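Below: the structure, in structure tokens.
Labels below follow one simple rule: chain letters A, B, ... track the order of the sequence lines, proteins then strands, and each chain is numbered from 1. It should be emphasised that the depicted structure is a prediction, and the values quoted were computed from it without experimental measurement.
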Amino acid sequence: MIEIYNTLTRQKEKFETSTPGQVNMYVCGPTTYNYIHLGNARPIVVFDTVRRYLLNKGYQVTYIQNFTDVDDKIIKRAIEEGEQPLVLAEKYIKEYFKDADALNVKRADKHPKVSEHMPEIIELIKELIKNGYAYEVEGNVFFDVRKFEGYGKLSGRDLDEMQAGARVEVNEIKKDPMDFALWKKAKHGEPSWPSPWGEGRPGWHIECSAMALKYLGAGFDIHGGGYDLVFPHHENEIAQSEAVVQEDFAKYWMHNGFITINKEKMSKSLGNFFLVREILDKFPGEVVRFYLLSTHYRSPLDFDNEKLEASQRGLERLKNCYNLLAEASGSSEESIEASEVEKQFEDQLVHLDKSFEEAMDDDFNTALATAVWFDLAKEINVYFKDKQNDNATASAANLQRAKDLFNTFNQVLGVFKADQTTGNILMEEKDSGDDELVDQLIQLVAGIRQQARKKKDWDTADSIRDGLKELGITLQDTPQGVKWKR
RNA sequence: GGCGACGUAGCCAAGUGGCUAAGGCGGAGGACUGCAAAUCCUUUAUUCCCCGGUUCAAAUCCGGGCGUCGCCUCCA
């Protein structure tokens with residue numbers, strides 16, 4: 001049974017879908033005016049993992065993630081780059097997918113864009129005006145927060161207390177300073193769409209309401225995003241949606257914590273952000289993803305290169321283990337007697353399977369889940385050790401069990417690239433071309449080194465090994481012969 | 001000012017009332033190896049920011065203090 005921390009109720013709740021076996025979830029996607037930074041990547045990876053786990057549990061999942069392609073920041077950036085705003089937005093949507101792919105994030109079932117949902121947005125605003133929750137002033141439409149009784153219920157705020165804070169934009173045409181724009185009148189040269197209130201474009205929040213309601217309907221199961229969206233974005237989404245549908249907009253509200261740099265929030269205004277692709281220049285996507293999942297999603301996560309390096313080394317350990325598993329499959333035996341070692345190993349696998357599920361069931365505790373993954377690697381390594389000590393062959397059945405479990409963990413956490421249909425992890429596929437030649441050359445050099453070793457010419461053997469190491473090729477002498485990896 | 005989160009080993013990080021305080025990185029020692037690598041074994045927090053309190057029992061609950069951070073304005 002899954003428990004999810006719900007921002008709305010400020011506690012963990014049992015997860016119950018409105019339709020048995022079916023999960024509808026909506027995650028706020030990026031405003032595409034630039035390449036995404038690490039802070040943007042966190043929710044993308046976190047909710048991709050949530051989705052993967054729900055699928056693993058047997059749910060049907062409909063996953064919607066929008067792109068905000070109509071926005072002030074896009075317009076500003078477009079002017080700077082001498083580009084049409086929508087063209088610019090489209091460009092960064094393409095770039096977004098490159099980063100998302102590198103992080104092994106699956107495509108949403110639908111990636112709706114604001115620019116393609118003007119009729120739905122306008123319809124929703126019309127409805128709000130009709131219900132008396134919104135009002136028009138000089139071509140602008142505002143949501144009347146005082147009319148919506150539950151305003152503040154998500155973020156735990158009180159309208160009057162917020163006024164006291166006084167950090168609210170003064171705008172004489174609004175009835176209340178906290179009223180927010182549903183429709184903005186177009187200024188000269190800005191992209192605009194016709195509406196009953198004249199040429200203009202939607203406010204920031206209404207898009208998500210319109211698209212979520214269109215694709216998922218009211219009362220969908222999970223709405224996710226970064227913690228900084230709680231207020232005002234999600235608060236406003238709730239207000240404007242529920243004012244129309246007159247029922248709960250979404251049931252479980254999930255928010256991920258921030259990425260920090262020296263404990264300070266990574267943000268564009270502070271200028272302390274790192275683009276995902278800058279990081280991908282230095283580290284593989286799998287390392288970045290693994291690092292993002294090494295902490296519980298609601299906790300802050302501090303970023304620096306040393307932490308990624310630590311993640312990389314940890315991941316190396318898992319990788320070595322899987323390689324061992326893959327190699328051993330070839331020399332295993334079908335019918336092996338049920339020795340104590342086999343039995344214990346099998347029991348451990350069952351136990352680890354359960355532990356992993358318990359961890360993920362508990363509000364998607366990926367930090368605990370990865371610990372279970374390391375435990376699995378340890379068990380597998382010990383198993384091989386025991387087998388070697390007994391001079392015995394591994395059991396094909398148990399090896400397969402271990403491999404299946406390893407692949408399952410990976411399917412949920414999505415760290416290593418895997419075969420779409422089998423779920424088998426794909427280790428460094430050699431990408432064609434001259435790699436075959438490289439293979440042969442290494443075989444040749446390694447062969448020469450072996451001859452030197454036979455003659456106990458350690459100097460030659462070691463200098464070959466050291467030389468290859470400098471080229472990024474690691475040689476290992478094992479009882480089964482020489483192994484190498486790049 | 002309002003609201004909220006956090007403070008666990010050298011670093012990262014689980015655990016939120018009761019077995020020996022997970023796991024990873026790093027360090028130390030050992031096994032294996034010609035030497036390595038990989039792997040395994042042992043070790044690295046008598047204690048969870050501090051002070052009180054509740055309890056048979058607290059890292060975990062309560063009160064106070066100190067410190068760090070976030071939201072309240074565009075932000076994932």
Taking only residues two or more places apart in sequence or in another chain, which ones pass salt bridge (charged side-chain N to carboxylate O under 4.0 Å, His left out) with [X]?
X      : answer
A:D144 : A:K147, A:K175
A:K385 : none
A:K153 : A:E242

Set of ring-ring contact (aromatic ring centres under 6.0 Å, His included) partners for A:F180, sequence neighbours left out: A:F143, A:H205
Under 4.0 Å protein heavy-atom contact, by nucleotide of nucleotides 26-35 of chain B - B base, S sugar-phosphate only: S-------BB
Per-nucleotide protein contact string for nucleotides 5-17 of chain B, where B marks a base within reach and S marks sugar-phosphate only (heavy atoms under 4.0 Å, - for neither): -------SSSS--
Paired nucleotide for B:U43 [Watson-Crick or G-U wobble; both distances under 3.5 Å]: B:G27
Paired nucleotide for B:U68 [Watson-Crick or G-U wobble; both distances under 3.5 Å]: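 Pair assignment: B:U68 / B:A5.
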Touch class at under 4.0 angstrom, heavy-atom based, for A:A371 against every strand present: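 Contact class for A:A371: base.
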Give the residues of [range] touching RNA chain B, defined as any heavy atom closer than 4.0 Å, sorted by residue number.
range                       : answer
residues 372-383 of chain A : A:F374, A:D375, A:K378, A:N381, A:V382
residues 34-43 of chain A   : A:H37, A:G39, A:N40, A:P43
residues 94-113 of chain A  : none

Sequence neighbours excluded - side-chain hydrogen bond (donor to acceptor under 3.5 Å, both in side chains) pairs with any residue from residues 360-372 of chain A: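 Residue pairs passing side-chain hydrogen bond (donor to acceptor under 3.5 Å, both in side chains), neighbours aside: A:K12-A:D362, A:Y53-A:D361, A:K57-A:D361, A:H296-A:D363, A:Y297-A:D363, A:R298-A:D363.
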Any A:R317 side-chain nitrogen or oxygen under 4.0 Å from OP1 or OP2 of B:G24: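 Answer is yes, contact under 4.0 Å.
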Taking only distance into account, with no hydrogens and no angle test, what donor-acceptor pairs under 3.5 Å do side-chain atoms of residues 270-279 of chain A form with protein atoms, sequence neighbours excluded?
from   : atom 1 : to     : atom 2 : distance (Å)
A:N272 : OD1    : A:S267 : N      : 2.9
A:N272 : ND2    : A:K265 : O      : 3.1
A:R277 : NE     : A:D99  : OD1    : 3.4
A:R277 : NH1    : A:E95  : OE1    : 2.8
A:R277 : NH2    : A:E95  : O      : 3.1
A:R277 : NH2    : A:E95  : OE1    : 3.1
A:R277 : NH2    : A:D99  : OD1    : 3.3
A:E278 : OE1    : A:L275 : N      : 3.0

Set of side chain to side chain contact (heavy atoms under 4.5 Å, CB included) partners for A:K307, sequence neighbours left out: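 Partners of A:K307 under the side chain to side chain contact (heavy atoms under 4.5 Å, CB included) test: A:Y291, A:D302, A:D304.
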